[in-house]
Asker: 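Before anything else, here's the structure in question.
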Amino acid sequence: MEPGPQQAAEQLHTEIISWFTANSRDLPWRKPDCSPWGIFVSEIMLQQTPVVRVLPVWELWMQRWPTPAALAAESSGEAVRAWDRLGYPRRALRLHAAATAMTADFAGRVPETAAELLSLPGVGTYTAAAVASFAFGQRETVVDTNIRRVHARALTGKALPAPALTAAEMRLAVALLPRDDAASVAWNASVMELGALVCTARSPKCEVCPVRRHCAWVAAGKPAPDYVPKGQAWAGTDRQVRGAIMAVLRQARTPVQRHALIGPADLAAPPADPIPAPLAKLHALKVPAEQLARAVAGLLADKLAEEHDGGLQLPG
DNA sequence: AACACGTGGCC
DNA sequence: TGGCCAAGTGT
C-alpha cells in the first residue's frame, strides 16, 4: 500500500533526524550550554560564510564579548576590527547595532520571538527563524540555502532551487515542518546539516544519503540544473577595492591618509620603508583614482570608516 | 526585483 | 587556473 503524504513526511522526519543524530558536526554553538547570544552571533557570522572560517572568530568573540552589553560597550570599529577577514564587514556593524538594541530595548537579552528578532539590524527572515528555533526552541520554519537545495532535490526533483526563494518553496517548507516544537527544531537543524554535508551543491554524496531511496531528483536520473547561476563578479569591482581598503584600516592604529591608499606615485622609486602587507596589496591593484574615491565614499556612507584628521580610520 | 556586498578554499 | 560557492540582508 502506497503511503499517504502524511506518512511520507513522517518517514522523512525520522530518517533525516536519525541521520543527524549519528552524523552531525560537534559545533560549539550547538552545545546545550551555549547562550542565545552565542547562537545569535554564530548566525550572523555564518551568513554567506563557511563554518570553518567562523569557528575561530566566534570563539574570540565569545571570550571578549560574552553578552550583548559587553559588545555594545565598545565602539563599532572594534567590532569591525575583530570581525577580521570573515567578509561582508557591514555584518559586524549590524551585529554591534543589534547588541546595542538588545541592551537598550530588550533588557540586555536576545529577544525570543521571530517578530522581535526581525526588528534587529542584520536579521532577516532566515536569521529570525533560526534564532527563535535554535536558541529558544520555538516552532519556526527555517529556510536557508542548504534546506532549499534538499527540498529541491528530494521533493521537487530539481538539481538546484530557484535563484530566489519562491512562495511555493515556502509553502512546501511550512508543510514539512513537524507539528511538535522539539521535533521542529531537530528537523530544521537536521535538514540544514544534510544539505551542508551530504546534499551539497557540487558533487553531492548520494551514496551515503539517508533518503536516496525516495529522492525525486535521483529517481528522475539527476537532471542538470535548468538555469545557469550567474557568477559573482570580483576582479576590478568596487567590492574588491572596498575589501582591500578595509584590510588596511583593520591593521592601522592611526588614521590613514588618502594619498597613502593610492600608492607611490613613482613606481620606479618605491619607498625604502617596508609598508604593511594590506597596503601593498591595495597598491598592487592599481586602482584608478576615481574608483578609489568612489570606494572610500561608499565606506564612509556605510559607516564602515570615518574621517579623522583628514585621514581614514575604523569608526571609533 | 535585481544588485551590491568580502573572503578564501576547492576541483 | 579561475569560476563556483558558502547558515543572507538591505535597498
Side-chain angles (χ1 to χ4, degrees), chain A residues 20 24-25 27-30 38-58 80 83-95 97-98 117-135 140-150 159-167 173 185 188-197 199-204 225 227-250 278 281-282 285 294-295 297-299 301-305:
Chain A
F20 179 87
S24 67
R25 291 165 293 182
L27 303 173
W29 44 85
R30 283 185 182 151
I39 292 172
F40 185 90
V41 171
S42 81
E43 289 299 343
I44 301 296
M45 289 184 171
L46 287 163
Q47 292 169 3
Q48 299 284 283
T49 307
V51 165
V52 286
R53 208 172 309 165
V54 166
L55 242 15
V57 181
W58 182 87
V80 172
W83 194 255
D84 197 28
R85 292 176 303 191
L86 282 184
Y88 293 145
R90 46 177 49 177
R91 289 182 295 161
L93 235 37
R94 291 174 181 152
L95 186 42
L117 286 159
L118 211 41
S119 76
L120 298 171
V123 176
T125 312
Y126 161 76
T127 304
V131 173
S133 176
F134 302 141
E140 289 288 339
T141 306
V142 175
V143 180
D144 79 325
T145 189
N146 290 306
I147 290 175
R148 293 184 65 213
R149 192 171 51 249
V150 173
L160 295 174
L165 180 62
T166 65
V185 173
N188 285 332
S190 301
V191 180
M192 203 179 311
E193 190 77 338
L194 185 66
L197 299 184
C199 195
T200 52
R202 285 169 298 192
S203 49
Y227 71 97
V228 183
K230 60 173 174 52
Q232 311 170 5
W234 178 246
T237 62
D238 285 3
R239 269 165 93 186
Q240 183 188 30
V241 178
R242 287 168 58 114
I245 296 171
M246 288 304 295
V248 172
L249 299 188
R250 278 197 305 269
K281 196 166 294 186
L282 174 60
L285 293 178
R294 186 170 65 238
L299 293 175
D302 289 347
K303 306 291 185 194
L304 280 165

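Model, not experiment: these values are computed from the prediction. Throughout, a chain's letter reflects where its sequence line sits, starting with A, and its residues are numbered from 1.
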Asker: Roughly how many Å is it from CE in A:Met246 to P in B:dT7, rounded to a whole number?
Answerer: 8 Å
Asker: I'd like to know if the side chain of A:Arg25 reaches the main chain of A:Glu193, judged simply by a donor and an acceptor atom lying under 3.5 Å from each other, with no hydrogens or angles considered.
Answerer: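 Side chain of A:Arg25 to backbone of A:Glu193: no pair is present.
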Asker: Send over the distance from A:Arg239 CZ to B:dT7 P, rounded to a whole Å.
Answerer: 10 Å
Asker: Applying side chain to side chain contact (heavy atoms under 4.5 Å, CB included), can you list everything that pairs with A:Arg53, at least two apart in sequence or on another chain?
Answerer: A:Thr49, A:Pro50, A:Leu86
Asker: Between B:dG8 and C:dT9, how many Å separate the two P atoms, rounded to a whole number?
Answerer: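 Straight-line distance between the two P atoms is 23 Å.
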Asker: Considering only nitrogen or oxygen atoms on both sides, find all protein atoms under 3.5 Å from nucleotides 2-4 of chain C and state each distance.
Answerer:
unit_1, atom_1, unit_2, atom_2, d
C:dC4, O2, A:Arg202, NH1, 3.0

Asker: Expressed as a whole number of Å, how far does the C1' atom of B:dG6 sit from that of C:dC5?
Answerer: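 Those two atoms are separated by 13 Å.
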Asker: For A:Asp238, which residues count as a side chain to side chain contact (heavy atoms under 4.5 Å, CB included) partner, sequence neighbours excluded?
Answerer: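 Side chain to side chain contact (heavy atoms under 4.5 Å, CB included) list for A:Asp238, sorted by chain: A:Gln291, A:Arg294.
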Asker: Which residues satisfy the side-chain hydrogen bond (donor to acceptor under 3.5 Å, both in side chains) test with A:Glu140, sequence neighbours excluded?
Answerer: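 A:Glu140 satisfies side-chain hydrogen bond (donor to acceptor under 3.5 Å, both in side chains) with no residue once adjacent residues are dropped.
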Asker: What is the separation between atom CG on A:Leu165 and atom P on B:dA2, rounded to the nearest whole Å?
Answerer: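 Taking CG of A:Leu165 and P of B:dA2, I get 14 Å after rounding.
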Asker: Go nucleotide by nucleotide along DNA chain B from the 5' end; which of A:Ser203 and A:Asp302 gets its closest nucleotide reached first?
Answerer: A:Asp302
Asker: With a 4.0 Å cut-off on heavy atoms, is A:Thr125 in touch with a base, just the backbone sugar-phosphate, or nothing at all?
Answerer: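 Sugar-phosphate, no base atom in range.
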Asker: Apply salt bridge (Lys or Arg N to Asp or Glu O under 4.0 Å) to A:Arg202 and list each qualifying residue two or more places apart in sequence or on a separate chain.
Answerer: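 With sequence neighbours excluded, A:Arg202 shows a salt bridge (Lys or Arg N to Asp or Glu O under 4.0 Å) to no residue whatsoever.
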Asker: Going by the rule salt bridge (Lys or Arg N to Asp or Glu O under 4.0 Å), which residues pair with A:Arg242 if we only count those two or more places apart in sequence or in a different chain?
Answerer: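 Per chain and number, A:Arg242 pairs via salt bridge (Lys or Arg N to Asp or Glu O under 4.0 Å) with A:Asp302.
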Asker: Check every strand shown and say whether A:Thr127 touches a base, only sugar-phosphate, or nothing at a heavy-atom separation below 4.0 Å.
Answerer: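 Sugar-phosphate only.
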Asker: Give the rounded distance in Å between these two atoms: CG of A:Asp144 and P of C:dA6.
Answerer: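 Computing the A:Asp144:CG to C:dA6:P distance gives 10 Å.
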Asker: When rounded to the nearest Å, what value does the distance between C1' atoms of C:dG8 and B:dA1 take?
Answerer: 16 Å
Asker: Return the value, rounded to whole Å, for the distance between atom CD of A:Glu193 and atom P of C:dA6.
Answerer: 14 Å
Asker: Look at all strands and tell whether A:Arg148 reaches a base, only sugar-phosphate, or nothing, counting heavy atoms closer than 4.0 Å.
Answerer: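 Here A:Arg148 touches no strand at all.
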Asker: Strictly distance-based, threshold 3.5 Å: is any side-chain N or O of A:Arg91 a donor or acceptor partner for the main-chain N or O of A:Met45?
Answerer: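 Checked: pair present.
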Asker: Taking DNA chain C as the partner, which of residues 47-57 of chain A come within under 4.0 angstrom of it by heavy atom?
Answerer: A:Gln47, A:Gln48, A:Pro50
Asker: Tell me the interatomic distance from A:Leu117, atom CG, to C:dG8, atom P, rounded to whole angstroms.
Answerer: 17 Å
Asker: Any idea which heavy atoms bring A:Val150 and A:Cys199 closest together, and the distance?
Answerer: CG2-CB, 3.9 Å
Asker: From A:Leu55 CG over to A:Trp29 CH2, what is the distance, rounded to the nearest 0.5 angstrom?
Answerer: 4.5 Å
Asker: Output the single nucleotide from B:dG6, C:dC5, C:dA7 whose closest atom is nearest the side chain of A:Ala201.
Answerer: C:dC5
Asker: By nearest heavy atom, map A:Gly122 and A:Leu46 onto DNA chain C; which one lands nearer the 5' end?
Answerer: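 The answer here is A:Leu46.
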Asker: Can you tell me how far C1' of C:dA6 sits from CG of A:Leu160, to the nearest Å?
Answerer: 14 Å
Asker: Just call it for A:Leu27: base, sugar-phosphate, or nothing, with non-hydrogen atoms closer than 4.0 Å on any strand.
Answerer: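 It contacts base atoms.
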Asker: Any side-chain N or O of A:Arg250 less than 4.0 Å from the OP1 or OP2 oxygen of B:dT7?
Answerer: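 For A:Arg250, the contact criterion (side-chain N or O under 4.0 Å from OP1 or OP2 of B:dT7) is met.
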Asker: Distance between the C1' atoms of C:dT11 and B:dT7, in whole angstroms?
Answerer: 23 Å
Asker: Measure from CG on A:Leu299 to P on B:dA4 and round the result to the nearest Å.
Answerer: 16 Å
Asker: Restricting to salt bridge (Lys or Arg N to Asp or Glu O under 4.0 Å), what partner residues turn up for A:Arg250, sequence neighbours left out?
Answerer: none
Asker: Not counting sequence neighbours, which residues clear side chain to side chain contact (heavy atoms under 4.5 Å, CB included) with A:Ala98? List them please.
Answerer: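 Checked A:Ala98 against side chain to side chain contact (heavy atoms under 4.5 Å, CB included); matches are A:Phe40, A:Met102, A:Leu120, A:Pro121.
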Asker: Regarding A:Thr145, tell me which of base, sugar-phosphate or nothing describes its non-hydrogen contacts under 4.0 Å with the strands shown.
Answerer: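 The answer is sugar-phosphate, as A:Thr145 gets under 4.0 Å only of primed atoms, P, OP1 or OP2.
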Asker: Residues of residues 83-94 of chain A with any non-hydrogen atom less than 4.0 angstrom from an atom of DNA chain C: list those, numerically ordered, please.
Answerer: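 Only A:Arg94 qualify.
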Asker: Between B:dC5 and C:dA6, how far is it from one C1' atom to the other, in whole Å?
Answerer: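 Taking atom C1' in both B:dC5 and C:dA6, they lie 14 Å apart.
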Asker: Excluding sequence neighbours, so at least two apart, what forms salt bridge (Lys or Arg N to Asp or Glu O under 4.0 Å) with A:Arg85?
Answerer: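 If we apply the salt bridge (Lys or Arg N to Asp or Glu O under 4.0 Å) test to A:Arg85, skipping adjacent residues, there are no hits.
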Asker: Can you tell me how far P in B:dC3 sits from the matching atom in C:dC4, rounded to whole Å?
Answerer: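 Taking atom P in both B:dC3 and C:dC4, they lie 16 Å apart.
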Asker: Please list, chain by chain and in numerical order, all residues satisfying side chain to side chain contact (heavy atoms under 4.5 Å, CB included) with A:Val185, sequence neighbours excluded.
Answerer: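 Result, side chain to side chain contact (heavy atoms under 4.5 Å, CB included) vs A:Val185: A:Ser133, A:Phe134.
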